[in-house]
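Step one of this worksheet: look at the structure below.
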Amino acid sequence: MIFTATQIAGILNGEIEGDESVEVSKLAKIEEGTKGSLTFLANPKYTQFIYSTDASITIVDKTFEAESDIKTTLIRVDDAYKAFSQLLEYYNMVKMNKTGIEQPSFISETAKYGENIYFGAFSYLGENVTIGKNAKIFPNVYIGDNVTIGDDVVVFAGAKIYSETIIGNNCVIHSGAIVGADGFGFTPNEKGEYSKVPQTGNVIIEDNVDVGAGTTIDRATLGSTVIRKGVKLDNQIQIAHNVEIGEHTAIAAQTGIAGSTKIGKNCLIGGQVGIAGHLNIGNGVRIQAQSGIGRNIKDGEAIQGSPALGYSDYNKSYVHFKNLPKIVDRVYKLEKKINDNE
């Protein structure tokens with residue numbers, strides 16, 4: 001897509017200083033700007049690059065004052081960082097503005113969908129599926145029977161949504177995510193052989209949830225696995241059967257949450273955290289990366305380690321742990337001194 005300085009200034013309500021007809025077709029960092037690219041200057045540390053950048057257009061604050069000649073066309077706005085973010089949103093909106101049903105694809109006769117839908121090639125829509133308006137279903141997506149999807153939902157290529165799943169409005173499901181696979185339920189017999197426990201529940205994802213690429217959310221054994229509104233899930237997260245994650249909680253990549261654990265709202269969970277099953281994690285909890293959680297956590301706790309300790313306790317203990325050889329040596333010397341004096 002190609003935009004002129006005049007078009008960009010119109011979108012941002014900005015003022016042009018330079019060539020109004022100059023065109024851009026790509027985005028770049030200011031220090032890496034080339035002809036035909038758009039960049040911005042918000043951090044004073046990068047001011048030096050505005051005098052050397054080859055970017056065709058640069059977004060700057062209205063208060064910016066040049067100290068030497070500039071080749072790039074300026075668009076002056078109240079806040080360059082916010083304006084650039086606004087432009088990225090607009091760019092994504094234009095890029096994602098796909099509509100229509102591509103072929104080959106399969107849509108069941110009992111499926112229903114709203115206006116302005118996009119349904120990509122090689123995708124599958126099962127029996128009794130309901131999809132709201134403005135949904136974007138990209139190629140190679142599988143949507144099983146009896147699934148309900150709300151308005152303004154985006155499901156990227158290759159995602160799989162199993163039967164009976166319910167997804168709210170304004171959700172994003174990224175490529176390779178699997179929603180509604182069977183929970184890990186097996187029972188051993190006296191011979192040590194395992195029999196499968198049927199997983200008859202479903203997954204409920206409320207409004208404004210993002211599910212990262214490769215993330216898996218298992219259906220409940222009974223009832224529902226529930227992801228509350230505003231939750232943000234990074235890539236490659238495992239959420240087991242009957243887990244519930246409270247609203248506006250954010251979880252980083254490679255975290256695993258075992259079955260029937262309940263996580264509160266507004267929590268921040270770092271990458272590679274392991275959380276055991278049947279636990280209760282309170283509201284506003286902060287869990288540092290690579291922590292192992294094997295106990296209930298109260299509201300507002302900040303924890304780290306494996307098994308996890310209080311965050312400040314962990315840091316204090318770690319100082320001693322690093323000094324452990326010296327401490328042990330001092331203890332041996334003290335013991336020897338005491339023994340020599342007896």
Side-chain angles (χ1 to χ4, degrees), residues 1-100 116 118 120 133-136 138 151-157 169-175 207-213 230 232-235 248 250 252-253 268 271:
M1 290 178 285
I2 298 175
F3 297 91
T4 65
T6 298
Q7 289 173 316
I8 294 169
I11 295 168
L12 302 178
N13 195 27
E15 302 170 358
I16 301 173
E17 189 174 303
D19 184 357
E20 296 182 353
S21 62
V22 66
E23 296 179 337
V24 293
S25 60
K26 55 188 175 182
L27 306 174
K29 298 177 182 178
I30 191 167
E31 67 272 27
E32 298 174 358
T34 57
K35 185 177 180 181
S37 66
L38 169 71
T39 189
F40 74 107
L41 174 64
N43 190 329
K45 291 194 302 183
Y46 293 88
T47 300
Q48 58 179 313
F49 296 110
I50 200 168
Y51 304 107
S52 60
T53 187
D54 290 323
S56 296
I57 301 175
T58 303
I59 300 170
V60 297
D61 291 343
K62 288 182 178 178
T63 55
F64 170 74
E65 295 182 6
E67 297 178 353
S68 61
D69 293 339
I70 293 176
K71 296 179 293 183
T72 182
T73 292
L74 302 181
I75 296 180
R76 294 183 178 273
V77 294
D78 292 330
D79 186 317
Y81 186 80
K82 288 183 179 179
F84 193 74
S85 297
Q86 178 186 343
L87 201 60
L88 290 178
E89 290 178 7
Y90 179 83
Y91 175 80
N92 269 339
M93 183 180 68
V94 173
K95 185 175 67 173
M96 297 280 289
N97 190 27
K98 291 175 174 283
T99 58
N116 199 37
Y118 167 66
K133 62 184 180 181
N134 303 319
K136 311 295 181 189
F138 280 77
D151 298 336
D152 302 294
V153 170
V154 179
V155 183
F156 282 102
N169 301 320
N170 300 302
C171 292
V172 178
I173 312 295
H174 281 281
S175 293
D207 297 347
N208 302 308
V209 171
D210 283 57
V211 178
K232 305 303 178 187
L233 302 175
D234 197 0
N235 302 334
H248 305 299
L268 292 176

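In this chain, numbering begins with 1 at the start of the sequence shown.
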N/O donor to acceptor pairs below 3.5 angstrom from side-chain atoms of residues 79-86, sequence neighbours left out:
residue	atom	partner	partner atom	Å
Asp79	OD1	Tyr81	N	3.1
Asp79	OD1	Lys82	N	3.1
Ser85	OG	Tyr81	O	3.1
Gln86	NE2	Ile11	O	3.2

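Judged as a salt bridge (charged side-chain N to carboxylate O under 4.0 Å, His left out), the pairs with a partner in residues 8-19 (not counting sequence neighbours) are, in order, Glu15-Lys62, Glu17-Arg76.
Note: Lys26 NZ to Ser56 OG = 8.5 Å, rounded to the nearest 0.5 Å. The line from CG of Leu12 to CZ of Phe40 is 12.5 Å long, rounded to the nearest 0.5 Å.
Of the residues Asp207, Asp152, Asp151, the one that meets the side chain to side chain contact (heavy atoms under 4.5 Å, CB included) test with Asn170 is Asp152. The side chain to side chain contact (heavy atoms under 4.5 Å, CB included) test with Ile16 is passed by exactly one of Ile8, Thr73, Val22: Thr73.
Heavy atoms only, all atoms of each residue included: Tyr51 and Glu67 are closest at OH-N, 3.0 Å. Nearest heavy-atom pair across Pro44 and Thr47 is O-OG1, 2.9 Å. Heavy atoms only, all atoms of each residue included: His174 and Gly212 are closest at CB-C, 3.8 Å. Pairing each heavy atom of Thr53 with each of Lys71, the nearest pair is O-CE, 3.7 Å. When all heavy atoms are compared, the tightest approach of Ala213 to Asn235 is N-OD1, 2.8 Å. Contact detail for Gly271 and Ala252: the closest heavy-atom pair is N-CB, 3.4 Å.
Between the side chain of Asn43 and the main chain of Lys45, a donor-acceptor pair closer than 3.5 Å is present. With Asp234 contributing its side chain and Ala253 its backbone, the two residues share a donor-acceptor pair below 3.5 Å. For the pair Lys136 (side chain) and Lys98 (backbone), a donor-acceptor distance under 3.5 Å is present. Between the side chain of Thr39 and the backbone N or O of Ala28, at least one donor-acceptor pair lies under 3.5 Å.
The closest side-chain heavy-atom distance from Tyr91 to Leu38 is not below 4.5 Å. Annotation: side chain of Asp78 is not in contact with side chain of Asn13 (no heavy-atom distance under 4.5 Å). Between Tyr90 and Val94 there is a side-chain heavy-atom pair separated by less than 4.5 Å. You'll find the side chain of Leu88 reaches within 4.5 Å of the side chain of Leu27, heavy atoms only. Contact annotation: the side chain of Ile30 never approaches that of Thr72 to less than 4.5 Å [non-hydrogen atoms, C-beta and beyond].
Other residues, nucleotides and ligands contribute more than 12 heavy atoms inside 6.0 Å of the CZ atom of Phe49. Heavy-atom neighbours of Lys133 NZ from other residues, nucleotides or ligands within 6.0 Å: at or below the threshold of 12.
Remark: Thr4 pairs with Thr6, Gln7, Glu23 by the side-chain contact (heavy atoms from CB on, under 4.5 Å) rule, at least two apart or across chains.
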Next item on the list: Evaluate the side-chain contact (heavy atoms from CB on, under 4.5 Å) criterion for residues Leu87 and Phe3: first the C-alpha distance (whole Å), next the side-chain angles of each, then the deciding distance (0.1 Å), finally the verdict.
Entry: CA-CA 11 Å; Leu87 201 60; Phe3 297 91; over 6 Å; no
Margin query: The test is side-chain contact (heavy atoms from CB on, under 4.5 Å); show your working for Phe156 and Val172 and say whether it passes.
Written below: CA-CA 8 Å; Phe156 282 102; Val172 178; 3.7 Å; yes
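Between Tyr118 and Phe138, the ring planes lie perpendicular to each other; the angle is over 60°, past the 30° to 60° tilted range.
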